Amino acid sequence: QVQLVESGGGLAQAGGSLRLSCAASGRTFSLHVMGWFRQAPGKEREFVAAISRSGGRTAYADSGKGRFTISRDNAKNEVYLQMNSLKPEDTAVYYCAAAATVFSGIIYNTAKQYGYWGQGTQVTVSS
């Protein structure tokens, strides 16, 4: 199994920035596609971003495209989500996730594709 722990959440004003970090345990971190999801109060969990095993390919939901950047450092077993130009609509609990299996040519943008999850970190953006 892979254990994931998110950090970096907190309070930010509209237009500000936050960088979320996810620390992974184990020796097989580089074998997993990694993703970020978020869940706002009263809403379902939604895809935010994903990154390939090597870090060479990324995918983003339209909501964060142009504002968010996902990256990873396999030497440190960490994945990051840089969030710029934050909006109140970005307020949510953000979760780091690792895919259980990988199939080439497939975009990992649904929660069912991920087998391991962190505890979540709260991001609150004020007006």
Side-chain angles (χ1 to χ4, degrees):
Q1 290 189 319
V2 177
Q3 289 187 320
L4 306 171
V5 180
E6 303 96 332
S7 62
L11 301 174
Q13 293 185 329
S17 299
L18 285 174
R19 192 180 85 148
L20 306 183
S21 297
C22 175
S25 66
R27 295 170 288 179
T28 60
F29 175 73
S30 63
L31 300 180
H32 297 273
V33 168
M34 300 296 297
W36 285 96
F37 290 77
R38 68 186 185 186
Q39 187 166 20
K43 297 184 178 180
E44 294 186 352
R45 183 168 51 187
E46 66 175 351
F47 170 76
V48 176
I51 188 166
S52 63
R53 290 168 290 179
S54 68
R57 299 288 183 272
T58 58
Y60 299 91
D62 289 341
S63 60
K65 194 171 298 182
R67 301 186 298 122
F68 295 177
T69 302
I70 187 172
S71 61
R72 70 191 296 164
D73 187 337
N74 287 344
K76 296 182 178 180
N77 280 12
E78 294 181 341
V79 61
Y80 313 97
L81 183 68
Q82 178 67 44
M83 302 187 293
N84 298 326
S85 301
L86 285 165
K87 306 175 182 179
E89 308 93 87
D90 295 320
T91 295
V93 175
Y94 284 70
Y95 298 91
C96 175
T101 59
V102 175
F103 299 93
S104 62
I106 298 176
I107 299 175
Y108 284 71
N109 61 359
T110 65
K112 292 184 177 181
Q113 294 171 302
Y114 294 81
Y116 307 97
W117 297 84
Q119 85 288 350
T121 185
Q122 176 70 232
V123 170
T124 302
V125 183
S126 62
S127 301

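Sequential numbering from 1 along the given sequence is applied to the chain's residues. All values reported here derive from a predicted model rather than from experimental measurement.
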Taking only residues two or more places apart in sequence, or in another chain, which ones meet I106 in a side chain to side chain contact (heavy atoms under 4.5 Å, CB included)?
F103, Y108, Q113
Sequence neighbours excluded, every pair satisfying disulfide (SG to SG under 2.5 Å) that has a member inside residues 27-56:
none
L31: side chain to side chain contact (heavy atoms under 4.5 Å, CB included) partners, not counting sequence neighbours:
T28
I'd like to check the side-chain hydrogen bond (donor to acceptor under 3.5 Å, both in side chains) partners of Q39; sequence neighbours left out, ordered by chain and number.
none
Apart from V48 itself, residues in the same hydrophobic cluster as defined by side-chain heavy atoms under 4.5 Å:
V2, L4, L18, L20, F29, M34, W36, I51, Y60, F68, I70, V79, L81, M83, L86, Y94, Y116, V123, V125
Residue set satisfying side-chain hydrogen bond (donor to acceptor under 3.5 Å, both in side chains) with S7, at least two apart, ordered chain then number -> none
Using the salt bridge (Lys or Arg N to Asp or Glu O under 4.0 Å) rule, collect all pairs that involve residues 47-64, keeping only residues at least two apart or in two chains.
D62-K65
Inspect the surroundings of CD in Q119 and state if more than 12 heavy atoms from other residues, nucleotides or ligands are less than 6.0 Å away.
yes
Residue pairs passing the side-chain hydrogen bond (donor to acceptor under 3.5 Å, both in side chains) test where at least one lies in residues 68-84, sequence neighbours excluded
S17-N84, R72-N74, E78-Y80, Q82-N84
Close side-chain approach of R38 to E46, heavy-atom, < 4.5 Å
yes
Disulfide (SG to SG under 2.5 Å): which pairs involve residues 91-127, sequence neighbours left out?
C22-C96
F37: partners by ring-ring contact (aromatic ring centres under 6.0 Å, His included), with sequence neighbours left out
F47, Y114, W117
Could you grab the distance from atom NZ of K43 to atom CD of E89, nearest 0.5 Å is fine?
8.0 Å
Distance-minimising heavy-atom pair for A14 and P88:
CB-CD, 4.2 Å
With sequence neighbours left out, the residues meeting side chain to side chain contact (heavy atoms under 4.5 Å, CB included) with Q122 are T91, V93, T124
Donor-acceptor check, side chain of H32 to backbone of A99, threshold 3.5 angstrom: yes or no?
yes
Check side chain to side chain contact (heavy atoms under 4.5 Å, CB included) between S85 and all other residues, then give those that pass, not counting sequence neighbours.
R67
